[in-house]
Amino acid sequence: IMNKQDFYKIAGSAYVEKEFSDKKLDKKNHIFEYTKKEHLETAETSSVKGRWSIYEGGLLFSESPDIADTLPKGVYYAEQDMSGRVYLSKVSIKCDNLLVMPDDPSEEILGHVKEFWSLKEQYNRFGFLHKRGILLYGPQGSGKTGCILLTIKTLIESDGLVLLGDFPSLDSKALQMIRRLEPERHIVVIYEDVDETVSRYGDRRLTALLDGENNVDNVLYIATTNYPEQLPPRLINRPSRFDVRKFVDLPSEAARLMFLKSKTDMPLSELQIWARKSEGLTYAHLKELIILVKILNKGLDDSIKVLKDM
């Protein structure tokens with residue numbers, strides 16, 4: 001007999017917040033059945049309270065769960081099954097070989113993040129929720145995602161959790177579930193292209209989340225947008241929602257030079273020519289420029305013109 005269950009499905013594993021009575025579960029009784037006929041069976045469970053149960057085995061789950069006190073560090077999405085139960089899907093994100101470019105806001109943002117985690121006692125002393133919001137805005141391809149990836153890498157290295165936000169109401173439930181088991185774990189919630197979130201769901205649910213309506217403590221929200229003018233004023237102009245707002249511009253000549261140097265073996269004199277001529281191009285454009293010129297043998301000037309006309 002189960003008193004309460006919240007299921008977390010993570011990259012072929014299920015993480016379960018369990019609170020069982022002392023009675024045994026029938027081995028043949030399916031606690032939960034996935035839409036693809038994937039199912040979870042439990043053989044015998046004694047009193048386990050406030051811990052994670054981890055079911056391994058890919059698409060089919062084993063009958064003997066391991067028990068863990070903490071959710072593995074990493075990046076997750078919040079999802080919901082047909083019965084309304086919330087679970088987390090783990091996401092694999094490559095954060096290796098990231099560069100901190102000249103004029104890159106990453107160091108400044110990481111400074112804000114580090115400072116935020118150190119101020120929990122001060123927030124608590126004044127009776128405030130320990131939460132903060134950061135908004136990165138600027139043209140497409142300016143490096144906002146790179147800044148996000150550096151933040152993710154730094155948090156994971158310190159055993160934190162990242163939740164990639166999509167549906168604010170569902171994200172709120174996932175945060176509360178995590179907090180029931182791990183009240184002190186550092187969590188960053190990321191809304192890339194937050195204008196799309198507002199367009200799909202409106203801003204009411206998102207503002208409620210940012211305002212701390214769910215009373216989730218010790219959490220940092222980071223959002224990005226290419227179109228800040230499309231965000232409702234009450235979302236960005238009210239204190240305690242996005243307290244830090246940072247403009248991220250297109251790569252400078254020094255940044256373009258560093259990027260090109262990291263991707264090619266061109267001599268410095270050639271790199272400087274490329275960096276000077278490629279003003280206004282994004283990092284994605286620079287990658288394509290290398291392909292066009294160095295792999296497809298197109299001319300540099302013609303390739304730059306093609307990219308700028310896109």
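Just so it is clear, the structure is predicted and the values come from calculations on it, not from any experiment.
Side chain to side chain, D217 and H130 fail the donor-acceptor criterion of an N or O pair below 3.5 Å. Judged purely by distance below 3.5 Å, without hydrogens or angles, the side chains of D166 and Y191 never pair a donor atom with an acceptor atom. No hydrogens or angles considered: a donor-acceptor pair under 3.5 Å links the side chains of T225 and D195. Side chains of K144 and N226: a donor-acceptor N/O pair is present below 3.5 angstrom, by distance only.
Using a 4.5 Å cut-off on side-chain heavy atoms (C-beta onward), L235 and F242 make contact. Residues L163 and I178 are not in side-chain contact: their nearest non-hydrogen atoms beyond the backbone lie 4.5 Å or more apart. Here the side chains of I152 and I190 are in contact, with some heavy-atom distance below 4.5 Å. Here the side chains of L292 and L307 are in contact, with some heavy-atom distance below 4.5 Å. Residues V188 and V219 fail the side-chain proximity criterion, which asks for heavy atoms closer than 4.5 Å. At least one side-chain heavy atom of I187 sits under 4.5 Å from a side-chain heavy atom of V189. Counting heavy atoms from C-beta on, the side chains of M266 and K294 come closer than 4.5 Å. Contact annotation: the side chain of T154 never approaches that of I156 to less than 4.5 Å [non-hydrogen atoms, C-beta and beyond].
In this structure, the side chain of R179 engages the main chain of N218 through a donor-acceptor pair within 3.5 Å. Using modelled atom types, one side-chain atom of R245 and one backbone atom of I236 make a donor-acceptor pair closer than 3.5 Å. Using modelled atom types, one side-chain atom of T264 and one backbone atom of L260 make a donor-acceptor pair closer than 3.5 Å. The backbone N or O of T282 sits less than 3.5 Å from a side-chain atom of H285, completing a donor-acceptor pair. Here the side chain of D243 pairs a donor or acceptor atom with the backbone of G133 at under 3.5 angstrom. S252 contributes a side-chain N or O that, together with a main-chain N or O of A255, makes up a donor-acceptor pair within less than 3.5 Å. A donor-acceptor pair under 3.5 Å is formed between the side chain of K131 and the backbone N or O of S240. Remark: the backbone N or O of D203 is not paired with any side-chain donor or acceptor of R234 at under 3.5 angstrom.
The minimum heavy-atom distance linking S142 with Y283 is given by the pair O-CE1, 4.0 Å. Minimum heavy-atom separation, C147 to S106: CA-OG, 3.5 Å. In terms of heavy-atom proximity, S303 sits nearest to L289 at CB-CD1, 3.6 Å. Closest approach of P168 and L209 over heavy atoms only: O-CD2, 4.2 Å. Here the closest heavy-atom approach between residue V248 and residue G143 is recorded as CG1-C, 4.3 Å. Heavy-atom minimum distance, F259 versus K287: CE2-N, 4.0 Å.
Heavy atoms from other residues, nucleotides or ligands lying under 6.0 Å from OH of Y77 number 12 at most. Other residues, nucleotides and ligands contribute at most 12 non-hydrogen atoms within 6.0 Å of the CD atom of Q140. Residue-environment remark: CD (Q230) exceeds the threshold of 12 foreign heavy atoms within 6.0 Å. Atom CD of E279 has 12 or fewer neighbouring heavy atoms from other residues, nucleotides or ligands inside a 6.0 Å radius. Atom CD of E121 is surrounded by 12 or fewer heavy atoms from other residues, nucleotides or ligands within 6.0 Å.
By the 30° and 60° cut-offs, the orientation of the rings of F247 relative to Y137 is tilted.
Both W117 and L150 belong to a single network of hydrophobic side chains, linked directly or stepwise wherever heavy atoms of I, L, V, M, F, W or Y lie under 4.5 Å apart. Taken together through direct or relayed side-chain contacts under 4.5 Å among Ile, Leu, Val, Met, Phe, Trp and Tyr, I290 and I273 form part of one hydrophobic cluster. Under a hydrophobic-cluster definition in which Ile, Leu, Val, Met, Phe, Trp and Tyr are linked whenever side-chain heavy atoms come within less than 4.5 Å, directly or via other members, L164 and V113 are assigned to the same cluster. In the hydrophobic clustering of ILVMFWY residues, with side-chain heavy atoms under 4.5 Å counting as a link, L175 and L129 come out apart. Under a hydrophobic-cluster definition in which Ile, Leu, Val, Met, Phe, Trp and Tyr are linked whenever side-chain heavy atoms come within less than 4.5 Å, directly or via other members, L155 and V91 are assigned to the same cluster.
Of the residues listed (L286, I304, V293), the one engaging W274 in a side-chain contact (heavy atoms from CB on, under 4.5 Å) is V293, and it is the only one. When each of K308, K277, R276 is paired with D301, the salt bridge (charged side-chain N to carboxylate O under 4.0 Å, His left out) condition holds for K277 and for no other.
Between R241 and D211 there is a salt bridge, since a side-chain N of the basic residue sits under 4.0 Å from a carboxylate O of the acidic one. Classification of D171 and R205 as a salt-bridged pair fails, no side-chain N sitting under 4.0 Å from a carboxylate O.
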Output, in order, the C-alpha distance, side-chain angles, deciding distance and verdict of side chain to side chain contact (heavy atoms under 4.5 Å, CB included) for L161 and V75. CA-CA 6 Å; L161 302 174; V75 183; over 6 Å; no

Test log, rule side chain to side chain donor-acceptor pair (under 3.5 Å), inputs N214 and S172: CA-CA 7 Å; N214 57 10; S172 179; 3.0 Å; yes

The test is side chain to side chain contact (heavy atoms under 4.5 Å, CB included); show your working for Y227 and D193 and say whether it passes. CA-CA 8 Å; Y227 309 104; D193 299 317; over 6 Å; no

